[in-house]
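Okay, so here's the structure we're looking at.
Only heavy atoms go into these numbers, but all of them, side chains included; no hydrogens, no water, no symmetry mates. Numbers here simply count residues along the sequence, with the first being 1.
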Amino acid sequence: MATTAPSSILPKILDLTDLELAILLCLLTREHGIITTPSSSLSLLTTELSLVATRTFNLTCSIINCTPTTTLDDFASALLLPQQPAQTLQRPDYFVHSPQRSVHASPLPPPSQIANCILAKNLNLAPKTVQIQALELLRTRRIFTRTAVQTAPKQFIFIPVLEADSPGRGERVTPHLNDFFSLAHWHDPEDGFVNIDEDEEAETGSTDSVVRRDGSALIPESEISHLAQLSQRVQVDVEITRYQMNIVSFLRMHRAVADGITPNATKHLDKLMRCLAPLHGLDFVTPALVGVAAKKVYLHRIRITTPENERSMQWGSKLEAVAAILEDMGPEEVVDDVLGMVTAPI
């Protein structure tokens with residue numbers, strides 16, 4: 001049995017954009033992720049992600065625009081796909097006992113379904129009760145409405161789309177919900193929105209500024225399932241495991257990190273680094289893949305401490321000096337700092 005991805009899949013992966021890769025990692029790990037961008041591009045990002053979900057992965061998609069007034073009913077109803085027109089069922093002839101009896105058509109409304117991909121725009125603005133309901137949906141894959149219990153489909157990803165001026169520096173959802181998300185990705189607007197750009201170019205009839213793809217990057221569920229199976233057979237050397245644990249230990253002890261690192265993050269790190277291997281045509285985890293996974297897993301989890309609470313203040317450090325050190329320190333810088341301190345195995 002093959003232990004690496006087929007050659008037919010790898011070219012598709014190489015052709016994916018950063019947003020498409022983020023969605024693919026969520027589907028591959030069967031986990032959920034947070035995607036952020038500056039506030040000026042939030043609507044564009046949401047539209048681009050919906051196009052990625054439908055075009056690249058053939059998923060159904062629903063968008064939830066969260067506000068401080070969003071109710072539980074608003075949230076639950078926004079998860080569901082719009083109902084199709086009711087089908088008409090004609091009664092069979094054997095129900096007609098005489099020429100005088102009329103034949104009636106019975107409308108059969110199709111059952112509502114939760115979309116494969118949920119984009120929760122500004123989820124951080126929603127009331128805490130709504131965010132708790134979102135966590136319950138992710139944990140149980142079910143949601144209770146006034147009339148029924150809705151179950152999430154097999155392929156199901158829930159992605160908050162939030163504001164952040166730079167990687168890891170933006171609004172967050174409630175702590176327990178935040179920790180449930182496996183990975184995070186910050187999209188730089190300068191990197192563009194490929195699907196939106198392609199649509200605009202198609203409308204104007206110009207192809208000068210956009211390299212149009214031929215649709216061959218479509219990745220069906222069968223290929224994602226195959227990649228997931230390969231990830232379960234990926235080999236992790238003991239030296240790689242030691243490297244992974246050292247990264248976690250250094251992150252927990254880093255002077256800029258407040259509230260430590262959760263055990264759930266360590267589980268997500270292990271799963272993600274294994275899933276990255278088949279995407280690179282490998283059947284084993286390399287130190288570089290551990291580093292890539294760490295940047296994705298901890299970006300939304302690390303909280304930067306305040307100068308007053310930085311641990312060296314207990315031993316007489318000057319507040320001004322500590323503040324100067326922490327001024328430009330964010331989650332991305334913390335992870336880079338740790339990866340620079342921990343020696344990778346050869």
Side-chain angles (χ1 to χ4, degrees), residues 17-27 31-57 59-82 113-138 143 145 150 152-153 155-197 199 296 299-300:
T17 66
D18 61 337
L19 292 176
E20 289 171 328
L21 282 170
I23 299 291
L24 175 60
L25 287 174
C26 290
L27 293 170
E31 300 285 353
H32 312 278
I34 296 175
I35 300 182
T36 60
T37 197
S39 59
S40 59
S41 301
L42 198 62
S43 295
L44 283 174
L45 175 61
T46 305
T47 301
E48 176 70 15
L49 288 171
S50 67
L51 294 175
V52 166
T54 55
R55 294 179 180 178
T56 305
F57 301 102
L59 304 175
T60 56
C61 185
S62 289
I63 298 175
I64 306 175
N65 291 299
C66 299
T67 69
T69 60
T70 299
T71 65
L72 292 174
D73 286 341
D74 294 335
F75 178 78
S77 61
L79 297 172
L80 305 178
L81 294 170
Q113 294 181 336
I114 296 178
N116 299 114
C117 176
I118 306 297
L119 302 176
K121 182 181 177 184
N122 289 320
L123 180 61
N124 58 293
L125 299 180
K128 188 175 181 179
T129 53
V130 173
Q131 297 190 41
I132 293 174
Q133 184 66 67
L135 175 59
E136 191 66 14
L137 169 64
L138 301 187
I143 190 168
T145 65
Q150 301 292 343
Q155 270 194 312
F156 176 66
I157 53 175
F158 186 98
I159 300 177
V161 186
L162 310 179
E163 298 180 6
D165 292 330
S166 60
R169 303 188 185 190
E171 300 297 332
R172 300 193 180 189
V173 295
T174 56
H176 290 293
L177 177 59
N178 185 78
D179 189 47
F180 200 88
F181 291 105
S182 174
L183 58 90
H185 173 75
W186 184 78
H187 181 71
D188 189 341
E190 293 186 0
D191 292 336
F193 302 93
V194 173
N195 286 278
I196 294 176
D197 292 342
D199 286 350
K296 294 294 183 185
L299 186 64
H300 63 295

Under 3.5 Å, is there a donor-acceptor pair between the side chain of T54 and the main chain of L51?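 Yes; judged by distance alone, with no hydrogens or angles, the pair exists.
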
With no hydrogens and no angle check, is any side-chain donor or acceptor of H300 less than 3.5 Å from a backbone partner on F181?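 At least one qualifying donor-acceptor pair exists.
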
Carefully, step by step, assess T70 and T67 under the rule side chain to side chain contact (heavy atoms under 4.5 Å, CB included). CA-CA 5 Å; T70 299; T67 69; 3.4 Å; yes

State, with a plain yes or no, whether a side-chain heavy atom of [X] is found less than 4.5 Å away from one of [Y].
X	Y	result
V52	N195	yes
I157	I118	no
C26	F156	no
K128	T174	yes
L119	I64	no
L79	Q150	no
I35	T37	no
L24	T56	no

Measure the [atom1]-[atom2] distance between [X] and [Y] for me, rounded to the nearest 0.5 Å.
X	Y	atom1	atom2	answer
C66	L123	SG	CG	5.0 Å
H176	L135	NE2	CG	8.5 Å
L27	Q155	CG	CD	5.5 Å
N65	T46	CG	OG1	7.5 Å

Name the orientation class of the two ring planes belonging to F193 and H187 (parallel below 30°, tilted from 30 to 60°, perpendicular beyond 60°).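 Plane angle between 30° and 60°, so tilted.
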
Could you label the plane-to-plane angle of the F158 and F75 rings as parallel, tilted or perpendicular, counting under 30° as parallel and over 60° as perpendicular?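 It falls in the tilted class, 30° to 60°.
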
We want to know whether S43 and K121 form a side-chain donor-acceptor pair, criterion being a heavy-atom distance below 3.5 angstrom.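 Distance-only check passes for S43 and K121.
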
Under the side chain to side chain donor-acceptor pair (under 3.5 Å) rule, what do D18 and H185 come out as? Steps first, then yes or no, please. CA-CA 9 Å; D18 61 337; H185 173 75; 3.1 Å; yes

Under the criterion side chain to side chain contact (heavy atoms under 4.5 Å, CB included), I'd like the reasoning laid out for I159 against I23: C-alpha separation, chi angles, the key distance, then a yes or no. CA-CA 9 Å; I159 300 177; I23 299 291; 3.1 Å; yes

